[in-house]
Participant: 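Before I ask anything, let me first share the structure, which is written out below as structure tokens.
Each chain gets a letter, A, B and so on, in the order its sequence line appears, and its residues count up from 1.
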There are 2 protein chains.
Amino acid sequence: MPNDKPTAYPADSQDEAPPAPVKRSRGGPKGLRITDVAAVAGVSPITVSRVFNNPESVAPETLERVRQVVHKLGYVPNRLAGGLSSSKSRLIAAIVPTIAHSLFSETIQVFSETMSKAGYQVLLALSGYSDSSEETLLDAVLSRRPEGVLLTGVAHTDSLRERLRNVGIPIVETWDMTDTPIDMLVGFSHYRVGEAVAERFLARGVLHPGLVSANDDRAIARITGFRERLARAGIHDIAEVIVAPPSSVSIGKTSLPQLLEQTPQLDAVFCGSDLLAIGVLGEAKRRGIDVPSQLAICGFGDLEFASETSPQLTTVGVDGTRIGVSAARCLLERLKGVKEANVTDVGFHIVERQTV
Amino acid sequence: MPNDKPTAYPADSQDEAPPAPVKRSRGGPKGLRITDVAAVAGVSPITVSRVFNNPESVAPETLERVRQVVHKLGYVPNRLAGGLSSSKSRLIAAIVPTIAHSLFSETIQVFSETMSKAGYQVLLALSGYSDSSEETLLDAVLSRRPEGVLLTGVAHTDSLRERLRNVGIPIVETWDMTDTPIDMLVGFSHYRVGEAVAERFLARGVLHPGLVSANDDRAIARITGFRERLARAGIHDIAEVIVAPPSSVSIGKTSLPQLLEQTPQLDAVFCGSDLLAIGVLGEAKRRGIDVPSQLAICGFGDLEFASETSPQLTTVGVDGTRIGVSAARCLLERLKGVKEANVTDVGFHIVERQTV
DNA sequence: CTGAAAGCGCTTACAG
DNA sequence: CTGAAAGCGCTTACAG
């Protein structure tokens with residue numbers, strides 16, 4: 001040894017002593033931990049954990065005592081830690097194009113209510129109507145390790161579908177229909193909606209139909225059904241105005257002159273939403289066109305106020321509340337271990353408010 | 001020693017060997033971890049972490065290599081772990097009474113968009129209109145350790161306000177006004193809305209006003225402003241129908257006869273929402289009452305469709321989008337370290353659609 | 001620009 | 001019914 005002089009260490013230092021571990025403070029106490037509660041209540045941390053997650057397994061008086069300490073201290077468990085440890089985030093992601101002025105908001109409302117009654121919380125992810133950044137959005141969502149996912153519409157890209165399938169958590173697609181769902185599905189066929197509206201128009205003797213719609217996936221499916229059904233009846237010329245979402249009353253207003261320019265004899269318009277329909281209706285009135293005798297107008301969504309203020313409109317009603325509740329139930333069943341796949345067609349109904 | 005026969009242990013077992021730690025498997029691999037990426041990329045886990053959280057601090061070619069491995073493997077970081085470790089959940093909670101058929105949905109829409117652009121995600125918590133379980137809801141929210149909270153309305157109970165103040169994260173109250181905000185606030189005075197509507201009515205020469213409203217906090221504030229302003233003008237008798245939320249067109253319809261029963265000379269109605277106003281208007285028409293000449297009706301919310309379909313209605317407009325954006329900005333500034341308090345009165349405007 | 005060690009606050013899997 | 005030890009998958013705080 002090059003240097004065997006006595007060291008400066010205290011007398012009790014031992015030759016074999018491991019290097020003292022560097023104490024790295026991480027910024028001091030951030031708040032109450034489960035150990036704080038345990039110490040005050042005179043139990044182990046595990047018991048405190050059980051009080052929250054499995055109270056039946058704790059003796060009644062222990063339970064009571066711990067609960068009082070929890071309440072007195074104002075302790076709130078850290079679910080980031082709990083989720084990491086248990087692999088149960090108790091989080092469900094809801095991916096929706098938009099919740100503003102939208103049919104989806106009531107679906108999300110009841111979905112969220114149902115989920116929170118079952119002890120889950122909802123992470124809201126707004127996808128917009130473009131799918132440019134959907135991969136990024138999905139990364140953000142999956143990084144929270146949700147235990148289930150509600151999708152609005154059927155996922156478009158194969159890559160997305162593949163990824164969702166592979167995470168191995170229950171997925172429920174809503175508000176649309178497909179033969180190849182990722183997992184579960186609660187929705188209806190927009191294609192058939194289009195067909196059904198076309199049939200109504202045909203039954204009325206419509207010869208020169210038009211359509212106004214935003215260009216989101218489901219609206220396109222409705223348009224396709226509409227067009228194809230009309231084509232089978234020999235009608236191929238359809239006036240068409242396609243706009244970027246979100247649709248609105250004012251877009252409806254401006255679209256009518258465009259449709260009339262394409263088809264001066266226009267006698268029916270299928271609108272992508274009730275808002276568009278209201279706009280078209282208002283503009284028709286302004287031009288002295290009688291609805292529905294000269295121009296039939298069909299909307300989509302069956303908004304309550306529309307039925308009150310615009311009884312001349314026909315529309316397509318969908319039970320958004322039922323979709324939300326069913327979607328929640330599907331996920332919850334799976335989370336309880338039920339394994340069956342599940343596709344529910346909730347259908348739709350055409351609301352003819354005023355006899356033709 | 002009672003038993004010093006040779007043991008059955010292998011020859012290399014040592015007397016001093018510490019008790020072999022029990023290996024407790026936790027269920028095997030749940031998915032890719034940061035160490036998997038690190039191993040493939042030939043770097044340490046910390047470097048992979050930096051690629052996600054602080055890419056500027058990583059050499060360009062290391063960055064590129066790690067990113068390729070991440071992409072190839074499909075690795076998604078676990079933010080439960082990340083959040084626990086860093087005390088940064090990147091989560092913002094939005095507590096809203098309801099998002100269905102509601103003015104709040106557009107606030108939440110833009111709030112959520114703004115937040116996600118800044119790298120945060122929104123945890124949606126629906127409080128309903130009762131505050132019975134608000135403590136429970138808050139526990140659920142705080143257990144996720146959000147970095148900020150948006151509240152709709154000003155929190156009611158002292159206990160709630162105290163708890164929110166104590167968590168030490170930025171809080172923004174919205175859609176209401178108070179002299180004693182918990183922290184930041186973006187809203188307007190519902191009391192003043194009520195006063196302003198009363199003044200419009202007085203200016204019209206109204207003598208026998210009534211009101212229909214749901215009984216949520218903000219509606220009550222509007223009613224109070226309305227009543228007190230009228231009282232100052234000597235009007236104390238006000239017909240009144242108070243209903244449980246959510247309000248709707250059909251409730252509006254049924255309320256008019258009730259108001260007329262209380263005050264047969266009824267010449268104005270202040271409604272808690274545009275939906276109620278539309279219902280009242282429809283019922284008035286049905287009874288041959290001209291609006292606004294015989295009966296003035298004022299709603300709340302300025303829904304776009306109402307202006308198109310019911311120009312006879314007056315209403316109160318509020319910029320919900322601005323509230324959402326401002327609330328998001330307030331929170332984001334704080335999260336960046338700016339310390340100033342912030343109270344924004346976004347005001348409101350009365351929309352008189354048809355000249356009296 | 002990069003890494004080894006320690007720690008975030010819980011829960012699991014045992015054992016008693 | 002209760003608890004000591006280990007581990008969940010990251011990031012911090014250093015050190016180089």
Side-chain angles (χ1 to χ4, degrees), chain A residues 18-39 41-66 70 73 75-90 142-145, chain B residues 18-39 41-66 70 73 75-90 142-145:
Chain A
V22 189
K23 228 346 189 194
R24 289 157 207 265
S25 156
R26 299 197 114 218
K30 311 260 167 34
L32 288 169
R33 290 150 308 185
I34 205 169
T35 49
D36 299 317
V37 175
V43 295
S44 75
I46 309 140
T47 300
V48 179
S49 170
R50 287 193 185 106
V51 167
F52 285 101
N53 301 313
N54 196 12
E56 316 83 61
S57 74
V58 178
E61 60 181 36
T62 309
L63 191 62
E64 181 57 21
R65 182 158 35 100
V66 172
V70 165
L73 263 40
Y75 169 71
V76 178
N78 182 331
R79 283 217 61 83
L80 297 173
L84 174 60
S85 186
S86 66
S87 302
K88 289 195 176 67
S89 65
R90 294 255 139 200
L142 294 181
S143 76
R144 305 289 173 180
R145 300 297 188 263
Chain B
V22 190
K23 232 335 189 200
R24 288 156 207 266
S25 156
R26 299 196 112 219
K30 312 261 168 34
L32 288 170
R33 291 150 308 185
I34 204 169
T35 49
D36 300 317
V37 175
V43 295
S44 75
I46 309 140
T47 299
V48 179
S49 170
R50 287 193 185 105
V51 168
F52 285 101
N53 302 312
N54 196 11
E56 317 81 61
S57 74
V58 178
E61 60 181 37
T62 310
L63 192 62
E64 180 55 22
R65 182 157 36 100
V66 172
V70 165
L73 264 40
Y75 169 72
V76 178
N78 182 332
R79 283 217 61 83
L80 297 172
L84 174 60
S85 186
S86 66
S87 302
K88 287 196 177 67
S89 65
R90 294 253 140 201
L142 293 181
S143 76
R144 304 290 174 180
R145 300 297 187 264

Participant: Given dC8(C), is OP1 or OP2 found less than 4.0 Å from the side-chain N or O atoms of Asn78(A)?
Facilitator: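 Result: no.
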Participant: Quick check for you: to the nearest 0.5 Å, what is the distance between Asn78(A) atom CG and Leu142(B) atom CG?
Facilitator: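 Asn78(A) CG to Leu142(B) CG: 11.0 Å, rounded to 0.5 Å.
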Participant: Can you figure out which of dT12(D), dT11(C), dT12(C) approaches the side chain of Ile34(A) most closely?
Facilitator: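 Nucleotide nearest to Ile34(A)'s side chain: dT11(C).
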Participant: If you check the Ile46(A) side chain, which of dG9(D), dA4(D), dC1(D) turns out closest?
Facilitator: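 Within the option list, the nearest is dA4(D).
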Participant: Between dA4(C), dC10(C), dC8(D), which nucleotide gets closest to the side-chain atoms of Arg33(A)?
Facilitator: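 For the Arg33(A) side chain, the nearest candidate turns out to be dC10(C).
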Participant: Across all strands shown, which nucleotide pairs with dA13(C) by Watson-Crick or G-U wobble geometry, both distances under 3.5 Å?
Facilitator: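 Check on dA13(C): unpaired, no WC or wobble geometry under 3.5 Å.
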Participant: On a plain distance test, is the side chain of Arg50(B) in donor-acceptor contact with the base of dG3(C) below 3.5 Å?
Facilitator: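 Side chain to base: pair present.
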Participant: For Leu63(A) and Arg145(A), take the nucleotide of DNA chain D holding the closest heavy atom to each; which residue's nucleotide lies nearer the 5' end?
Facilitator: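 Upstream on the strand: Leu63(A).
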Participant: Do the side chain of Ser85(B) and the base of dG7(C) come within less than 3.5 angstrom through a donor-acceptor pair of N or O atoms?
Facilitator: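 Pair found.
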Participant: What's the closest nucleotide to the Ala59(B) side chain, out of dT2(C), dG3(D), dC10(C)?
Facilitator: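 For Ala59(B), the side-chain atoms sit closest to dT2(C).
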Participant: Have a look at Thr47(B) and say if it touches a base, only the backbone sugar-phosphate, or nothing, with a 4.0 Å heavy-atom cut-off.
Facilitator: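 The residue Thr47(B) makes sugar-phosphate contact but no base contact.
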Participant: Looking across every strand, which nucleic acid part, if any, lies under 4.0 Å from Thr35(A) by heavy atom: base, sugar-phosphate, or nothing?
Facilitator: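 No contact.
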Participant: What's the closest nucleotide to the side chain of Tyr75(B) if the choices are dC10(D), dG9(C), dA4(D)?
Facilitator: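 Comparing dC10(D), dG9(C), dA4(D) against the side chain of Tyr75(B), the answer is dC10(D).
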